[in-house]
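Data first, discussion second: the structure below is written as structure tokens.
Within every chain, numbering begins at 1; the chains are lettered A, B, ... in the order of the sequence lines, protein sequences first and strands thereafter.
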2 protein chains.
Amino acid sequence: MSEPISPDADLAGADLALFRAVRTGNAFEETVERLLQAIKLGVVAPGQRLPAERNLAARLNVSRVTLREAIRALGDAGYVESRRGRYGGTFVTMPPAGGLGAEPSVGSAIALEDTLTMRRALEVGAAETAAARSLSPAERRHLRARLAESNESTMVDYRRKDSRLHLAIAEVSASPSLTTAVADVRMRVNTLLDAIPQLAVNIEHSNRQHEAVVGAILDGEPERARHAMAEHLDATAALLRGFLA
Amino acid sequence: MSEPISPDADLAGADLALFRAVRTGNAFEETVERLLQAIKLGVVAPGQRLPAERNLAARLNVSRVTLREAIRALGDAGYVESRRGRYGGTFVTMPPAGGLGAEPSVGSAIALEDTLTMRRALEVGAAETAAARSLSPAERRHLRARLAESNESTMVDYRRKDSRLHLAIAEVSASPSLTTAVADVRMRVNTLLDAIPQLAVNIEHSNRQHEAVVGAILDGEPERARHAMAEHLDATAALLRGFLA
DNA sequence: CTCTAATGGAATAGGAACGTTCCATTGGAA
DNA sequence: TTCCAATGGAACGTTCCTATTCCATTAGAG
């Protein structure tokens, strides 16, 4: 057996957050998670190709062996398909219909509030920051394209288009840290959203709020953007609390 | 030699943030960083003891061997001292006088704006969230204690007390994710602050703004708390931009 | 004074991840 | 048709990290 460890009389309670895990799980699982994130958030759409293994492995700071194991797992789950040869690669197939493979574990109430709190801070901040910048024409187009895409979306892939829009708003804040943080918290939000019914009326409501947020950002009005985003997120939060709390 | 990798024609530019590194550096370096964070942010003050190695290793999800290597490195650098025997442990000594061992690498201008943007979103969000909650007596005391501590601080350890106050505000948002994110970005802010002179007039200014923020939180006024925190952070940001940009 | 529990210190073996090198396949370019 | 560059596929030795076990030291309890 291993050595016994005594019950730890230190730690007033504040350090709980500081002395958290340095490495979460193994490299394989982390890599699978990262790739799933890119797929589920719509960064690589169905039919599109992932970066080549050698490139992607370097990007993720993971060995090619580990990356290949992760891709193999995603292939078995039906998310991607690999083809050899020049102009080959690993392509995203249609997501597994019926939402199989998703864990229905709906975490605790604390996790719910934690996610919603974090999301509010990050996305409201991103909207305000984006509106305070002077956006390039390309950025304005990108934003408008994502907005249109999500407005025209059908219910089946509304989730992905919605995620892509929120991510686009984070992107035009021009802060890489903020963008990755928004992507991370959005994944957590999506697992929550998977557990509640998708109502047409809510989607319409969201679409209108999206218009308001993007409009304020394009008009360069930080206060209005912040307010619109806060309103949007609070509505979604209320919905989630209603179904999950 | 290793295989050549071609120049990567994928990646429209948005995925830069998504396909980031899965594991940053090795476990040893990460552990050192984490412990330094706890020390520099004042979570474990000089004279206080770190959790026992067996406990801490479990918390950090790192083997005891790796943790010990990290502690050894911190010991060599003069940050901690270890004593054996029951009621022994690893204690924080006075921080290395003169700020030795700190890398004066002042990152790029992009990194500066990234840090400041992220900080603004997180800390403003934390202040607003904290003010919207109904705080327990213990939380109110904690907040007031940290405020007093930072007000009375001398210039030599103002940095640590200031960090501790900002962290305390994040803590009373009751969101672990938000707390750790604030701690992380605060470390980045501190490396920036290390590169500029510490002026008494700025400290006085900060103290007044701290009063305003904590006051609004204790009074339960989210709007006022958000505004006060934004003002405080913008002042610091302007200072940093002035010296570093 | 003796015992004991909790701590840091150290050695060993095993596994996970990595870097490197090569092979297999493919579609366009020459 | 031939060639070739870019891709996925696979094997091998090395390094890093872990888990386990034991030792050494210390201050309080009995």
Side-chain angles (χ1 to χ4, degrees), chain A residues 1-11 21-35 48-76 79-93, chain B residues 1-11 21-35 48-76 79-93:
Chain A
M1 271 302 292
S2 135
E3 271 189 333
I5 72 177
S6 27
D8 201 347
D10 306 284
L11 311 173
V22 163
R23 353 202 71 173
T24 26
N26 54 15
F28 163 73
E29 286 170 4
E30 284 285 300
T31 305
V32 170
E33 208 60 33
R34 194 60 61 82
L35 296 181
Q48 281 194 324
R49 203 190 73 164
L50 289 176
E53 288 182 357
R54 289 164 180 79
N55 282 313
L56 193 49
R59 294 279 224 86
L60 300 178
N61 200 26
V62 155
S63 82
R64 219 186 124 202
V65 180
T66 301
L67 172 61
R68 284 179 51 71
E69 283 171 4
I71 288 177
R72 166 68 183 273
L74 291 182
D76 291 344
Y79 285 99
V80 298
E81 265 177 4
S82 294
R83 291 201 295 274
R84 291 215 269 191
R86 191 169 185 176
Y87 303 98
T90 300
F91 297 82
V92 176
T93 58
Chain B
M1 271 302 295
S2 137
E3 272 189 333
I5 71 176
S6 28
D8 200 346
D10 306 285
L11 312 172
V22 163
R23 352 202 71 174
T24 26
N26 53 15
F28 164 73
E29 285 170 4
E30 284 286 299
T31 305
V32 169
E33 208 60 34
R34 192 61 59 83
L35 296 181
Q48 281 193 324
R49 203 191 71 163
L50 289 176
E53 288 181 359
R54 289 163 181 80
N55 282 314
L56 192 50
R59 294 282 224 86
L60 300 178
N61 199 26
V62 154
S63 83
R64 219 187 124 201
V65 180
T66 301
L67 172 61
R68 283 178 52 72
E69 282 171 4
I71 289 177
R72 166 69 184 272
L74 291 181
D76 291 345
Y79 284 100
V80 299
E81 266 177 4
S82 294
R83 291 201 295 274
R84 288 215 272 193
R86 190 169 185 172
Y87 303 98
T90 299
F91 298 82
V92 176
T93 58

Where each residue is assigned the nucleotide of DNA chain D containing its nearest heavy atom, which of B:Phe28 and B:Gly85 is assigned the position nearer the 5′ end?
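Closest to the 5' end, via its nearest nucleotide, is B:Phe28.
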On DNA chain D, compare the nucleotides closest to B:Leu67 and B:Arg84; which residue's is nearer the 5' end?
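With B:Leu67 and B:Arg84 compared, the 5'-side residue is B:Leu67.
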Side chains of A:Thr90 and A:Ser82: do they bring a donor and an acceptor to under 3.5 Å?
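Judged by distance alone, the side chains do pair up.
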What integer distance in Å separates [X]:[atom1] from [N]:[atom2]?
X	N	atom1	atom2	answer
B:Glu69	C:dG9	CD	P	13 Å
A:Glu3	D:dT20	CD	P	11 Å
A:Glu53	D:dA10	CD	P	10 Å
A:Tyr87	C:dT25	OH	C1'	15 Å
A:Arg68	C:dA17	CZ	P	16 Å
B:Arg23	C:dG19	CZ	C1'	16 Å
B:Leu74	C:dG8	CG	P	14 Å
A:Arg86	D:dA5	CZ	C1'	4 Å

How far apart are the closest heavy atoms of A:Arg34 and A:Leu60, and which atoms are they?
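That would be CG-CD2, 4.0 Å.
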Closest approach of B:Val80 and B:Ile71, non-hydrogen atoms and distance?
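The answer is CG2-O, 3.9 Å.
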Between the side-chain atoms of A:Arg54 and the base atoms of D:dG8, is any donor-acceptor pair under 3.5 Å?
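Answer is yes: a donor-acceptor pair is held.
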Whether the side chain of A:Arg64 and the base of D:dG9 hold a donor-acceptor pair under 3.5 Å is what I'd like checked.
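By the distance-only test, yes, there is a pair.
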For D:dT7, take OP1 and OP2 only and decide whether either is under 4.0 Å from a side-chain N or O of A:Arg49.
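Yes, because at least one side-chain N or O of A:Arg49 sits under 4.0 Å from OP1 or OP2 of D:dT7.
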C:dA16 phosphate, OP1 or OP2: any side-chain N/O from A:Thr66 under 4.0 angstrom?
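Checking C:dA16 against A:Thr66, no side-chain N or O comes under 4.0 Å of OP1 or OP2.
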By the 4.0 Å heavy-atom rule, please label B:Arg83 as base, sugar-phosphate, or nothing.
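Since only primed, P, OP1 and OP2 atoms lie under 4.0 Å of B:Arg83, the category is sugar-phosphate.
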Closest nucleotide among C:dA5, C:dG8, D:dT18 to the B:Ser82 side chain
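Among the listed nucleotides, the one closest to the side chain of B:Ser82 is C:dG8.
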Considering only C:dG9, D:dC17, C:dA17, which nucleotide approaches the side chain of A:Ala27 most closely?
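Closest nucleotide to the A:Ala27 side chain: C:dA17.
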Any salt bridge between A:Arg68 and A:Glu53, counting N to O under 4.0 Å?
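Salt bridge: yes.
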B:Arg54 and A:Glu3 ion-paired at < 4.0 Å:
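Salt bridge: yes.
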